[in-house]
Amino acid sequence: MNLITRSFLFGLSCYAATALAAPTFNIVQLGLADPEHTRNDGYEYSTAIQMNETGQVRGYSSRYNGGSTELGQSVWLFNGTTTIDIGLTDLEHTRNDGYKYSFNYPSGYSELNHAGQVSGMSDRFNGGSMDLGQSTWLYNGTSTINIGMTDAAHTRNDGYKYSRSYQLNDSGQVTGQSQLFNGGTSMGFSAWLYNGATTIDLTLTGPEYTRNDGYRASGAYDLNESGYVQGSSQRYRAGSSGVAADLGNSQWVYDGTKTTIIGLIGAGYTQNNGYRTSFAGKMNQSGHVYGYAYRYNGSSLMGEGAWLYNGATTLDIGLNDAAHTRNDGFNDSRSEGMNEAGQVRGFSYRFSGSSDLGQTAWLYNGTTTIDIGLVGPEHTRNDGYKYSEAEELSEAGEVIGWSSRYSGSIPLGRSAWLYNGATTINIGLTGPEHTRNDGYKESYADGLNEVGQVIGHSIRFKGGATSLGQSAWLYNGTTSGDIGLTDADHT
């Protein structure tokens, strides 16, 4: 056997040994499996809900009484080494038959942060079988703390208390809401922030926010990593109660020191009886918030105004020119998404006199609001109708969306587009394969990345109305290319 043959066989044997070697991995069983969480026939039930970037996991396990009777559930955290029961389990949270029930929400909610802290809720009892509400808590990495509001104003005369959490950030701050009482009567809800050390009542309490019987209602709905909170409080008419007292709401931001009313609240956004209301979207890490508010003329609803709170003031960012205002003054704009730079995408309805002429997609770029849809003859009906929708906004200020196509008065599908920060580009596949014999084309932009590349799809045709499926494509910043499989096996 020569040297080359021996070398070849040696290499082959090494390859075979490597190829046949068992992969190395480690599987850790999660959940609580002690006698308290095992039925007398050996049945156990555990579910993992959410995992963070360090491999810590939250979940829950069913509880039993040593026999076949279910006794609630426990919330647990796998901290990378062991699984810990982290709900509230003291006498206040244990029924006289041993029942305990702790829970938190599915993985769409931020209830496990990157530091391994977890927020959740536990049912309360009176030492017997009576339901006494629920407590909200934070497992801070060492112990579980009751963080809801538990003073006399938040306790019913039979001892009932009810708190719930909304959001947890990576600093261990939590927003939530606790029910208010007067004796045995519910008096609304308080909004609060647990700031890592104490729980702060964020409820707006002046005459504007307190009904004549003392009822008030606030909620803290968004929390960023700087500890800013976005919330809402109900407004009331002095001297009135029930439905007659309703004056809408105020949106606000708490910045760690003070609470600022945000949203459009001027005369054009207030009914002649004082009613006004705003809706807020997500807050970014700078404390900017976008939303929209109802518009009024006297008691008449006159559309909606899109707004942005930029950390200092609230700006009206919708399109309010003649093309977007009906002849009776009706104007309707919505803000739909915002990036970390405080740029906002949205839309405004179009009019000619009293006639509806479609919708304009726009971008507020931090300075001004720009029409970003496709608006040429191909995308304009013979009566001037145009319709564009902005669907996704990147951190770089680029937007994808679609615009309706026409030939005279006849609808001819839709075009996908990208606004690249300077101009709007038709990016769908538009060749003969993707054009029906009457000129109909239909393209969709399905995703946008931070370097301006777009994925999408375009409907395929053969001659007349028959659809021949769809093509997947990538717009790479210069051109769109079909990226699906088009060989005989896929045709």
Side-chain angles (χ1 to χ4, degrees), residues 105 109 119 121 124 131-136 146-167 173-195 199-223 228-255 258-265 269-271 273-283 289 291-294 296 307 309 314:
Y105 290 110
Y109 293 80
S119 62
M121 279 76 71
R124 298 180 67 250
D131 169 26
L132 281 184
Q134 72 180 34
S135 300
T136 189
N146 190 335
I147 59 172
M149 306 201 73
T150 59
D151 59 343
H154 297 89
T155 305
R156 202 166 63 190
N157 56 2
D158 60 357
Y160 182 97
K161 302 175 187 178
Y162 182 91
S163 292
R164 62 148 298 168
S165 55
Y166 281 105
Q167 275 190 288
Q173 298 170 313
V174 184
T175 57
Q177 199 174 40
S178 295
Q179 193 167 5
L180 279 159
F181 299 98
N182 181 4
T185 304
S186 173
M187 298 301 288
F189 288 89
S190 296
W192 49 261
L193 167 70
Y194 175 74
N195 66 3
T199 300
I200 305 167
D201 190 344
L202 301 180
T203 308
L204 298 182
T205 59
E208 183 180 352
Y209 302 102
T210 306
R211 209 166 59 187
N212 65 346
D213 58 358
Y215 187 99
R216 58 182 185 266
S218 291
Y221 301 119
D222 206 358
L223 171 68
Y228 284 36
V229 181
Q230 185 277 315
S232 176
S233 295
Q234 292 300 118
R235 301 176 62 247
Y236 302 102
R237 181 177 291 105
S240 300
S241 60
V243 176
D246 180 21
L247 281 183
N249 68 31
S250 290
Q251 302 292 332
W252 46 262
V253 169
Y254 173 75
D255 65 3
K258 67 182 185 304
T259 300
T260 302
I261 303 300
I262 63 173
L264 296 168
I265 59 175
Y269 297 92
T270 305
Q271 259 183 13
N273 64 359
Y275 182 96
R276 66 172 182 260
T277 193
S278 286
F279 302 89
K282 293 290 291 181
M283 175 172 58
V289 183
Y292 63 94
Y294 288 143
Y296 299 99
W307 54 262
Y309 173 69
T314 299

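N195 contributes no side-chain N or O that, together with a main-chain N or O of Q173, makes up a donor-acceptor pair within less than 3.5 Å. Under the 3.5 Å distance criterion, the side-chain polar atoms of D222 are matched with a main-chain donor or acceptor of M283. Not one N or O on the side chain of Q251 forms a donor-acceptor pair closer than 3.5 Å with the backbone of G263.
Looking at residues two or more places apart in sequence or on another chain, you find a side-chain hydrogen bond (donor to acceptor under 3.5 Å, both in side chains) between R124 and E92. Residues satisfying the ring-ring contact (aromatic ring centres under 6.0 Å, His included) test with Y162, not counting sequence neighbours, are none. Under the side-chain contact (heavy atoms from CB on, under 4.5 Å) criterion, F279 pairs with T277, Y292, Y294, not counting sequence neighbours. In this structure, the side-chain contact (heavy atoms from CB on, under 4.5 Å) partners of S250, at least two apart in sequence or on a different chain, are E208, Y209, R235, I261, R276. A search for side-chain hydrogen bond (donor to acceptor under 3.5 Å, both in side chains) contacts involving Q134 returns nothing, not counting sequence neighbours. The side-chain contact (heavy atoms from CB on, under 4.5 Å) check on T136 picks up M121, I147, S163, S165, W192, with sequence neighbours excluded. Residues passing the side-chain contact (heavy atoms from CB on, under 4.5 Å) test with R156 are D158, Y160, F181, sequence neighbours excluded. With sequence neighbours left out, the side-chain hydrogen bond (donor to acceptor under 3.5 Å, both in side chains) criterion links T260 to no other residue. Here D131 pairs with nothing under the salt bridge (charged side-chain N to carboxylate O under 4.0 Å, His left out) rule; sequence neighbours left out. Taking N182 as the reference, nothing meets the side-chain hydrogen bond (donor to acceptor under 3.5 Å, both in side chains) condition, with sequence neighbours excluded. Applying the ring-ring contact (aromatic ring centres under 6.0 Å, His included) rule to Y221 yields the partners Y166; only residues at least two apart in sequence or on another chain are considered.
When side chains are defined from C-beta on, F189 does not count as touching R164, because their heavy atoms never get closer than 4.5 Å.
Taken to the nearest 0.5 Å, the CD atom of Q234 stands 12.0 Å off from the OG1 atom of T203. Remark: Y105 OH to S119 OG distance equals 10.0 Å, nearest 0.5 Å. Distance check: N249 CG to S218 OG gives 10.0 Å after rounding to the nearest 0.5 Å.
Considering all non-hydrogen atoms of both residues, N146 and S135 come closest at ND2-OG, 3.5 Å. The shortest non-hydrogen separation linking M187 to D213 is CE-O, 2.7 Å. In plain terms, the two heavy atoms of A191 and G219 that are nearest each other are CB-C, 3.6 Å. Shortest non-hydrogen contact noted between D201 and H154 is OD2-CE1, 4.5 Å. Closest non-hydrogen pair, R237 versus D246, comes out as NH1-O, 4.2 Å. Residue G274 comes nearest to L247 through the heavy atom pair C-CD2, 3.7 Å, listed as atom of the first residue, atom of the second, then distance.
Applying the salt bridge (charged side-chain N to carboxylate O under 4.0 Å, His left out) rule to pairs touching residues 174-194 yields nothing, sequence neighbours excluded.
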Given the rule in the side-chain contact (heavy atoms from CB on, under 4.5 Å) test, do I262 and W307 qualify, once you have shown the distances and angles that lead to the verdict?
CA-CA 9 Å; I262 63 173; W307 54 262; 3.9 Å; yes
